[in-house]
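First up is the structure itself, then whatever we jot down about it.
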Protein chains: 2
Amino acid sequence: MQTLSKNQQIIFDLIDKSPEPMKAYAILFNVQKKGIKAPLQVYRALDKLVEIGKIHKIESRNAFIACQNSSCQVSKATAFSICEICEKVTEISSASLSKYLTNFKDKDGMKYSKYNLEFFGLCKKCR
Amino acid sequence: MQTLSKNQQIIFDLIDKSPEPMKAYAILFNVQKKGIKAPLQVYRALDKLVEIGKIHKIESRNAFIACQNSSCQVSKATAFSICEICEKVTEISSASLSKYLTNFKDKDGMKYSKYNLEFFGLCKKCR
DNA sequence: AATTTAAATGTTATAATATAACACTATGTA
DNA sequence: TACATAGTGTTATATTATAACATTTAAATT
Ligand SMILES: [Zn+2]
Ligand SMILES: [Zn+2]
Ligand SMILES: [Zn+2]
Ligand SMILES: [Zn+2]
């Protein structure tokens, strides 16, 4: 449990209470009243928060979401479900999935140190 | 087997013969001598090529790679290995992996219509 | 406590990635 | 031919992300 710096805490709190993934410039807009004025201040905090696993980047959306999986200390194995209509994103926490992927070896016997998986479909509400 | 338009064919050929994923503006630079002058011309061709599964986007790299998997007509189930040192990208073609992921259901019983998986590690050469 | 080191901050400028809007052209099909 | 659909060309602009540099804060080491 790492203690966050001022900017990191402000930005984490915002993302954490957002019901949906947030984009960097939406974050910037929201924290300007707290004195964070420049994109770089946002991106630096985001980089650190991703590094320590407090948030994850949804690559297909260029957006950031708080880790919903308390056991996910380091972001080396991430999986998300994304609704293609309402854009709701949920972090998937499935022991069997993570076991399967963590142990996955390709034809060369290459073992990977990290993965990111994004599933797309329609959420309950949108079906 | 869809026939490609002029711009689509030019851009596909370039990506297909590239040993590594290509970024949109690198593509633009390379096809300017063939009369494709604007980013939008590139992005439109890329969109179509992705849609029909001739190429895939490597989301974590904002780069495009030709489909290396002849059976992958429609890009609904993609998996890649990415070397974090040399940035070599390989499309993974594993029947068991695709079976596992295609049948994966989350806790809500939600079934997905599409997924993208990116593995990170070190390739043979870089270890 | 003083020194040193690493991490974080503030700021300006700019690079890289991607789309909007509109006019026009080619192609297929009824 | 008339109509619909897909593709093109062009200019402008939006969005996402990093470079470079000066300064400050926090943490570790002596
Ligand atoms: Zn997580
Ligand atoms: Zn939905
Ligand atoms: Zn493929
Ligand atoms: Zn490598």
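Bear in mind the structure is a predicted one, so any value in this text is a computation, not a measurement. So you know, we letter chains A, B, ... as the sequences are listed, proteins then strands, and number each from 1. Any value given below was found using the heavy atoms of this structure, including those in side chains, with hydrogens, waters and symmetry copies removed.
Remark: B:Gln32 engages B:Leu28, B:Phe29 in a side chain to side chain contact (heavy atoms under 4.5 Å, CB included) (not counting sequence neighbours). Remark: B:Ser18 engages B:Glu20, B:Met22 in a side chain to side chain contact (heavy atoms under 4.5 Å, CB included) (not counting sequence neighbours).
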Could you pull out all donor-acceptor pairs under 3.5 Å where a side-chain atom in residues 36-43 of chain A meets a protein atom, sequence neighbours excluded?
| unit_1 | atom_1 | unit_2 | atom_2 | d |
| --- | --- | --- | --- | --- |
| A:Gln41 | OE1 | A:Lys37 | N | 2.9 |
| A:Gln41 | OE1 | A:Ala38 | N | 2.9 |

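A donor-acceptor contact closer than 3.5 angstrom is absent between the side chains of B:Asp106 and A:Ser81. In this model, a donor atom of one side chain and an acceptor atom of the other lie less than 3.5 Å apart for B:Asn116 and B:Glu118. Using a 3.5 Å distance cut-off with no hydrogens or angles, the side chains of A:Ser60 and B:Glu59 do not pair a donor with an acceptor.
For B:Tyr43 and D:dA12, the OH to C1' distance is 16 Å, given to the nearest whole Å. If you measure from atom CD of A:Glu59 to atom C1' of D:dA17, you get 13 Å, rounded to the nearest angstrom. The interatomic distance linking B:Ile58 (CD1) with C:dT17 (C1') rounds to 16 Å, in whole Å. Taking atom CD of residue B:Gln32 and atom P of nucleotide D:dT8, one finds them 17 Å apart after rounding to whole Å. B:Leu4 places its CG atom 10 Å from the P atom of D:dT8, with the value rounded to the nearest Å. Between B:Leu49 atom CG and D:dA6 atom P the separation is 16 Å, expressed in whole Å. Here D:dG7 presents its P atom at 14 Å from CD1 of B:Ile10, a figure rounded to the nearest Å.
Applying the ring-ring contact (aromatic ring centres under 6.0 Å, His included) test to pairs two or more places apart or on separate chains, those with a residue in residues 75-104 of chain A are A:His56-A:Phe80, A:Tyr100-B:Tyr100, A:Phe104-B:Phe119.
Side-chain N/O atoms of B:Lys34 include none lying less than 4.0 angstrom from OP1 or OP2 on D:dT8. OP1 or OP2 of C:dT17 has not a single side-chain nitrogen or oxygen of A:Asn62 nearer than 4.0 Å.
Each of A:Lys23, A:Arg61, A:Lys125 was scored for a salt bridge (Lys or Arg N to Asp or Glu O under 4.0 Å) with A:Glu87, with one residue passing: A:Arg61.
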Item checked: side-chain contact (heavy atoms from CB on, under 4.5 Å) assessment of B:Leu117 paired with A:Leu101 -> CA-CA 10 Å; B:Leu117 171 59; A:Leu101 293 176; 3.9 Å; yes
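Residues from residues 20-31 of chain A that place a heavy atom under 4.0 Å from any atom of DNA chain D, listed by number: A:Lys23, A:Tyr25.
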Check: What string of B, S and - do you get for nucleotides 6-13 of chain C, 5' to 3', if B is base contact, S is sugar-phosphate-only contact and - is no contact with any protein heavy atom under 4.0 Å?
Finding: --SBBBB-
